[in-house]
Engineer: 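I'd like to ask you about the structure that follows.
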Amino acid sequence: MSLTPSTRARVEAPSRRATVAIIDDHPVVALGVAQCLAAADSVEVVGGFPSIAAMLRARGTEHPADLVLLELQAADSASDRLISRLTAAGVKVVVFTQVASPYALELALTAGAVAVVHKSVPPERLAEVVAAAARGGRPGLVQVGSDGRRHPLSILSPRERETLALYASGEKSERVAQRLGISRETVNDYISRIRAKYRMAGRIADTKVDLYKRAVEDGILPPPGVLPT
């Protein structure tokens, strides 16, 4: 999958409706969201797709829609990298997800998503957020779970995230060290810090399997069965 920014500015008439693509691996959800947005006169749904790759194949362009409504669990690769690639191509991203991990949701915003909406929001609220995003707004984090509170981004550093991605995907410390150009002792130190930070957050990270689960929950690794790109 290749996404590159357009080299020319897109000139649009003021009355043009923004195109929206829905990415969700449950077709019934995509259909329901499309119906929810049908009444919005500022947006036009161009289709529902099980993945970004499927959308690009179907649309046949590097800029397949003005805005993508993305379920994190349907991401083709680690969600933060995917969002960054979409936004670099000039596509606005609104995350609409059932993922409850505060870190994964904050990471989506950090990667460039203009809004993150939990699937517990009422349909009319989702329509409002999408319309606002299409107009150029940045609604941010909209209702996490049932309480709507915002949680701080995880304190894992970028280097710790890189280390966790490799180690939790099955690499041994020696191989992680080689790939990152650091010593094995440094890798082990990073892993110890990562475990400690997760424990301080009340999340189990004692085993390598635990670390893999945390990495998937937090969007650092793709879900099982999804190959990284």
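Residues: numbered from 1 along the sequence shown. Note that these values count all heavy atoms, side chains included, but never hydrogens, waters or copies made by symmetry.
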Engineer: Restricting to non-hydrogen atoms, name the atom on Ala54 and the atom on Ser51 that form the minimum distance, rounded to 0.1 Å.
Structural biologist: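 What the structure gives for the nearest pair is N-OG, 3.1 Å.
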Engineer: Which pair of heavy atoms, one from Arg159 and one from Leu180, lies closest together, and at what distance?
Structural biologist: NH2-O, 2.9 Å
Engineer: Is Asp210 paired with Arg199 through a side-chain N to carboxylate O contact shorter than 4.0 Å?
Structural biologist: no
Engineer: Assigning hydrophobic clusters by single linkage (Ile, Leu, Val, Met, Phe, Trp, Tyr; side-chain heavy-atom cutoff under 4.5 Å), is Val20 placed with Val46?
Structural biologist: no
Engineer: How many angstroms lie between OG1 in Thr207 and NZ in Lys213, if you round to the nearest 0.5 Å?
Structural biologist: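 So the OG1 of Thr207 and the NZ of Lys213 are separated by 7.0 Å.
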Engineer: Is there a donor-acceptor pair under 3.5 Å between the side chain of Arg195 and the backbone N or O of Ala205?
Structural biologist: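 It does hold such a pair.
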Engineer: For Lys208, does the NZ atom have more than 12 heavy-atom neighbours from other residues, nucleotides or ligands under 6.0 Å away?
Structural biologist: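 Yes, NZ of Lys208 has more than 12 neighbouring heavy atoms, counting only those of other groups under 6.0 Å.
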Engineer: Quick one: are Leu105 and Leu141 in side-chain contact, heavy atoms under 4.5 Å?
Structural biologist: yes
Engineer: So do the side chains of Leu69 and Ile23 get within less than 4.5 Å of each other, counting heavy atoms only?
Structural biologist: no
Engineer: Drop me the distance from Asp206's CG to Leu211's CG, to the nearest 0.5 angstrom.
Structural biologist: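 Result: 8.5 Å between the selected atoms.
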Engineer: Hey, are the side chains of Asp189 and Glu185 touching, using non-hydrogen atoms and a 4.5 Å cut-off?
Structural biologist: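 Side chain of Asp189 against side chain of Glu185, heavy atoms only: no contact under 4.5 Å found.
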Engineer: Just so I know, are the side chains of Ile83 and Leu70 near enough to count as touching, which here means a heavy-atom distance under 4.5 Å?
Structural biologist: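 Side-chain contact under 4.5 Å: yes.
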Engineer: Between Pro64 and Leu56, what is the shortest heavy-atom contact and its length?
Structural biologist: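 Closest approach of Pro64 to Leu56: CG-CD2, 3.7 Å.
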Engineer: What's the verdict on side-chain contact (heavy atoms from CB on, under 4.5 Å) for Gln98 and Leu72, showing C-alpha distance, side-chain angles and the deciding distance?
Structural biologist: CA-CA 8 Å; Gln98 63 183 359; Leu72 293 179; over 6 Å; no
Engineer: Looking at every heavy atom in both Ala30 and Gly48, which two are closest together, and how far apart are they?
Structural biologist: CB-CA, 4.2 Å
Engineer: Please check if the side chain of His118 supplies one atom and the backbone of Ser120 the other of a donor-acceptor pair under 3.5 Å.
Structural biologist: yes
Engineer: After noting the C-alpha distance and the side-chain angles of Leu221 and Tyr212, does the key distance pass the side-chain contact (heavy atoms from CB on, under 4.5 Å) rule?
Structural biologist: CA-CA 8 Å; Leu221 288 177; Tyr212 171 75; 3.8 Å; yes
Engineer: Nearest 0.5 Å please: distance from the CG atom of Leu107 over to the CZ atom of Arg81.
Structural biologist: 10.0 Å
Engineer: Does any non-hydrogen side-chain atom of Leu166 lie less than 4.5 Å from one of Arg175?
Structural biologist: no
Engineer: Using side-chain heavy atoms (C-beta onward) and a distance below 4.5 Å, is Val43 in contact with Arg17?
Structural biologist: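 They are not in side-chain contact.
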Engineer: Could you walk me through whether Val94 and Val117 satisfy the side-chain contact (heavy atoms from CB on, under 4.5 Å) test, starting with their C-alpha distance in whole Å, then the side-chain angles of each, then the deciding distance to 0.1 Å, before giving a yes or no?
Structural biologist: CA-CA 7 Å; Val94 171; Val117 187; 4.1 Å; yes
Engineer: Mind checking the CD-CD spacing from Gln178 to Glu174? Nearest 0.5 Å is all I need.
Structural biologist: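 Nearest 0.5 Å value for the CD-CD distance: 8.0 Å.
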Engineer: Which pair of non-hydrogen atoms, one from Ala111 and one from Ser84, has the smallest distance, and what is that distance?
Structural biologist: O-OG, 3.3 Å
Engineer: Are Phe96 and Glu71 packed together at the side-chain level, in the sense that at least one heavy-atom pair is separated by less than 4.5 angstrom?
Structural biologist: no
Engineer: Does the pair Val116 and Val142 meet the rule for a side-chain contact (heavy atoms from CB on, under 4.5 Å), with working shown?
Structural biologist: CA-CA 6 Å; Val116 173; Val142 181; over 6 Å; no
Engineer: What is the distance from atom CG of Leu67 to atom CG of Leu86, rounded to the nearest 0.5 Å?
Structural biologist: 10.0 Å
Engineer: Give a yes-or-no answer on whether the side chains of Thr19 and Glu44 include a donor-acceptor pair shorter than 3.5 Å.
Structural biologist: no
Engineer: Mind listing the closest non-hydrogen atom pair of Arg184 and Ser173 along with its distance?
Structural biologist: CG-CB, 3.7 Å
Engineer: Give a yes or no answer on whether the side chain of Arg161 reaches the backbone of Ile220 with a donor-acceptor pair at less than 3.5 Å.
Structural biologist: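 Absent.
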Engineer: Flag the pair Phe49 / Ile22 as yes when at least one side-chain heavy-atom distance between them is below 4.5 Å, and no otherwise.
Structural biologist: no
Engineer: Between Arg179 and Glu162, does any side-chain N to carboxylate O distance fall below 4.0 Å?
Structural biologist: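 Salt bridge: no.
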Engineer: Hey, could you give me the OG/CG distance between Ser42 and Leu37, rounded to the nearest 0.5 Å?
Structural biologist: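 Output value for this atom pair is 9.0 Å.
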